[in-house]
Amino acid sequence: MRLQGNATMSVRTRFAPSPTGYLHIGGVRTALFNWLFTRRHGGQFILRIDDTDVERNRPEALRPILDGFRWLGIMWDEGPEVGGPHAPYFQSQRLPLYQEAARKLVLAGQAYPCLATKEELETERRAAELAKRPYIHRGKGRNLSPEEALQLWQEKQLPLRLKVPLGRKIVLDDLIRKRVEWETDLLGDPVILRSDGTPLYNFATVVDDIAMKITHVIRAAEHLSNTPLQILIFEALGASLPAFAHVPVVNEPGSKKKLSKRDMKKFVTPEVRAKLRALGYTDAEIDSRDDLNPATVAYYQELGYLPQALVNYLGRLGWSLDGYSEIIPLETMIAHFSFERVNDAPASFDPDKLYWMAGEYMRQLSVEEKVWGVVPYLVRAKLITEPVDEATRHKIRRIVEACGDRLKLFSDILTYGAFFFRDPEYDESAFAKRVAKQGIPELLERFISVLERTEPFAPENLETVLREFCDRENVKAADLIHAVRVSTTGITVGPGLFDILAILGREESIRRIRLALARVQTPVQTGRN
RNA sequence: GCCCCCAUCGUCUAGCGGCCUAGGACGUGGCCCUCUCAAGGCCAAGACGGGGGUUCGAGUCCCCCUGGGGGCACCA
């Protein structure tokens, strides 16, 4: 058995995102597993920014990633903005470290400058392809003495390759995959340092993991095939191996394909677009922002999902506590997280289940907490203005209470409660069906005079009064209720009608019913329906 | 093409040789409750990819096939 971490050392894990401008759902799930494992064992979780690829490196693109983690409560013990004993935590600022490590390898005869030109490499590759042979590059420089190699490397701007030992078997005892083996003969000599002196991923990763004393490398399964090379680099650098855990990838909803970072725009379905529009986004904004789609954390934050719901959902995606638990408090997750219970197979992301879970967490919140979460949505929709005065706050409190379990996301307040803050926007088909109908306007007319003297103007009493009125009129209560609902709210969905009326108050309720009645007499062209 | 990984309801999963007539959850359908929509209650449909072994006995262990995925860069 190879060394699989040292029990006496504290657990140190890391997540190394590239600054891409958004926090990807798949990535954050991997980060969460790192974090849970680390918290479980009382270690340190490190955030290291993988910005060696200058093409992808945009400094402002880091912000959304840090914000996303903070929103979820996944706090890093070392990394950007918090620092730590192994700073800097940006790979672009650690170049001398990689060069020094590379120099060490050359001196030890473990790495050599690549003498082949790009053209030669291309020819080799094509020949291998034609011969249906795997393409394995072994540079001519392999046989250089360390001194020659060093001199050549320093004189000319040559890329550096790792000298992969021949005829060896690499054995990995992965914490999730169990034993995986590779033959070194099937591995080409990889470039570890570009001709411009910048490191390649596999090299920088290992140099940093050694420097930062990482004990457990927990990463997506797509990195499994990088592992033999990295193991070789660990060895060449004379470092002991960390333990590895390759977590299965996250697949697209209902698919067997990896939830890719490319082409995320395709997740912006008409439904998603409608949701974003309801929040006030224009189509142009939706199309221009690549962080606003269901494959990113920002999207869920934007829609008002509770972060703890997303954490619970992601934690359960590929990991289970037992055969039946779904809603798992974070402390429980931390206390029980282990790789033994991580499923080997990829897991598809299921937005429906996440939505359900969001509702489960929302109902655990106090009214006051819900009010707090809902206010920004009302402000953004220009239904209220800040600062929120006490009267408005009280009204929101009552609305939130009336909405009850209907509120699964904070943004749901706009579906169920917008009409409280503005005149009804009438749903034409509902209006035709429930208000502009034989006998209904007259009935509403008479009901208004009942409302005028209803005292107290409170839910329970309103219900009694309405039902008694319907008995006298010999009409079904449901018909009047629907008519009043559509008249006062414009729509067919929402809280109980009597709660609505009580919140609106006598005057406003009556005013709105009159609004609807006027509308029956002089139909307006709305263009809808 | 080569290397590596994976395989239970549509989806997330339980299952670590007999407790399986394969359990739970999301979703779906139906019914109930009901002023609508949610929520809630009840019920239903729904899976061990195929073939060989091993064993008294296989969803569970082994092999092959098939299918899916990932990787084979001076990307990460």
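All values reported here derive from a predicted model rather than from experimental measurement. Reminder, nothing fancy here: chain letters follow the sequence lines and each chain counts from 1.
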Heavy-atom nearest nucleotide on RNA chain B taken for A/K408 and for A/Y355; more 5' hit belongs to A/Y355

Between A/E340 and A/R177, whichever has its closest RNA chain B nucleotide further toward 5' is A/R177

What does [N] pair with, Watson-Crick or G-U, if both distances are under 3.5 Å?
N: B/C35; answer: none
N: B/G1; answer: B/C72
N: B/U55; answer: none
N: B/C48; answer: none
N: B/C42; answer: B/G30
N: B/G67; answer: B/C6

When you compare [N] with [M], how far apart are their [atom1] atoms, in angstrom units rounded to a whole number?
N: B/G24; M: B/U36; atom1: C1'; answer: 32 Å
N: B/U34; M: B/A39; atom1: C1'; answer: 12 Å
N: B/G46; M: B/G27; atom1: C1'; answer: 11 Å
N: B/G40; M: B/G70; atom1: P; answer: 37 Å
N: B/C3; M: B/C65; atom1: P; answer: 12 Å
N: B/C35; M: B/G23; atom1: C1'; answer: 39 Å
N: B/A76; M: B/A38; atom1: C1'; answer: 44 Å
N: B/C56; M: B/C72; atom1: P; answer: 47 Å

Judged by modelled atom types alone, do A/T296 and A/D291 share a side-chain donor-acceptor pair under 3.5 Å? no

Partners meeting ring pair (Phe, Tyr, Trp, His ring centres under 6.0 Å) with [X] (sequence neighbours left out):
X: A/H223; answer: A/Y201
X: A/Y305; answer: A/Y300
X: A/Y98; answer: none
X: A/F349; answer: A/Y313

Is any side-chain N or O of A/R194 closer than 4.0 Å to OP1 or OP2 of B/A73? no

Given B/G69, is OP1 or OP2 found less than 4.0 Å from the side-chain N or O atoms of A/K257? yes

Return each pair, listed once, that meets side chain to side chain donor-acceptor pair (under 3.5 Å) where at least one residue sits in residues 465-478 of chain A; pairs must be two or more places apart or across chains. A/R446-A/E473, A/E463-A/R467

I need the full list of side chain to side chain donor-acceptor pair (under 3.5 Å) pairs touching residues 317-327 of chain A, with sequence neighbours left out, sorted by first then second residue. A/R316-A/E326, A/S320-A/R341, A/D322-A/S325, A/E326-A/K353

Can you tell me the distance, in whole Å, between the [atom1] atom of [X] and the [atom2] atom of [N]?
X: A/N226; N: B/A73; atom1: CG; atom2: C1'; answer: 11 Å
X: A/D185; N: B/C2; atom1: CG; atom2: P; answer: 17 Å
X: A/D174; N: B/C6; atom1: CG; atom2: C1'; answer: 13 Å
X: A/L259; N: B/G69; atom1: CG; atom2: P; answer: 14 Å
X: A/I136; N: B/C72; atom1: CD1; atom2: C1'; answer: 10 Å
X: A/R48; N: B/A76; atom1: CZ; atom2: C1'; answer: 12 Å
X: A/K261; N: B/G70; atom1: NZ; atom2: P; answer: 14 Å
X: A/Q230; N: B/G71; atom1: CD; atom2: C1'; answer: 13 Å

Do any N or O atoms from the side chain of [X] and from the backbone of [Y] form a donor-acceptor pair under 3.5 angstrom?
X: A/D51; Y: A/S92; result: yes
X: A/D189; Y: A/K163; result: no
X: A/E181; Y: A/K169; result: no

Should the ring pair A/F337 and A/F339 be called parallel, tilted or perpendicular, given that the plane angle runs from 0 to 90° and is split at 30 and 60? perpendicular

Please state whether the base of B/A7 and the side chain of A/D344 form at least one donor-acceptor pair under 3.5 Å? no

Check: B/C72 base within 3.5 Å donor-acceptor of A/S225 side chain: no

For nucleotides 40-50 of chain B, print each protein N/O atom paired with a nucleotide N/O atom at under 3.5 Å, atom names and distance only.
unit_1: B/G40; atom_1: OP1; unit_2: A/R363; atom_2: NH1; d: 3.4

Sugar-phosphate, base or nothing in reach of A/E181, heavy atoms under 4.0 Å: sugar-phosphate

Would you classify A/Y324 as touching base, sugar-phosphate or nothing, given that sugar-phosphate means primed atoms plus P, OP1 and OP2, and contacts are heavy atoms under 4.0 Å? sugar-phosphate

Residues at least two apart in sequence or cross-chain that pass side chain to side chain donor-acceptor pair (under 3.5 Å) with A/E340, listed by chain then number, are none

Apply side chain to side chain donor-acceptor pair (under 3.5 Å) to A/T13 and list each qualifying residue two or more places apart in sequence or on a separate chain. A/T38

Counting side-chain heavy atoms from CB outward, which of B/G69, B/A76, B/C4 is closest to A/H223? B/A76

Any salt bridge (charged side-chain N to carboxylate O under 4.0 Å, His left out) involving residues 243-252 of chain A? Give me the pairs, sequence neighbours left out, ordered by first then second residue. A/E252-A/K266

For each nucleotide in nucleotides 30-36 of chain B, reading 5' to 3', give B when a protein heavy atom comes within less than 4.0 Å of its base, S when such contact involves only the sugar-phosphate, and - otherwise. -----BB

Taking N or O atoms only and anything under 3.5 Å, show me the protein contacts with nucleotides 11-13 of chain B, one pair per line.
unit_1: B/U11; atom_1: OP1; unit_2: A/K256; atom_2: NZ; d: 3.4
unit_1: B/U11; atom_1: O3'; unit_2: A/S348; atom_2: OG; d: 3.4
unit_1: B/C12; atom_1: OP1; unit_2: A/S348; atom_2: N; d: 2.8
unit_1: B/C12; atom_1: OP1; unit_2: A/S348; atom_2: OG; d: 3.4
unit_1: B/C12; atom_1: O2'; unit_2: A/R316; atom_2: O; d: 3.2
unit_1: B/C12; atom_1: O2; unit_2: A/K353; atom_2: NZ; d: 3.3
unit_1: B/U13; atom_1: OP1; unit_2: A/G318; atom_2: N; d: 2.5
unit_1: B/U13; atom_1: O3'; unit_2: A/S320; atom_2: OG; d: 3.4

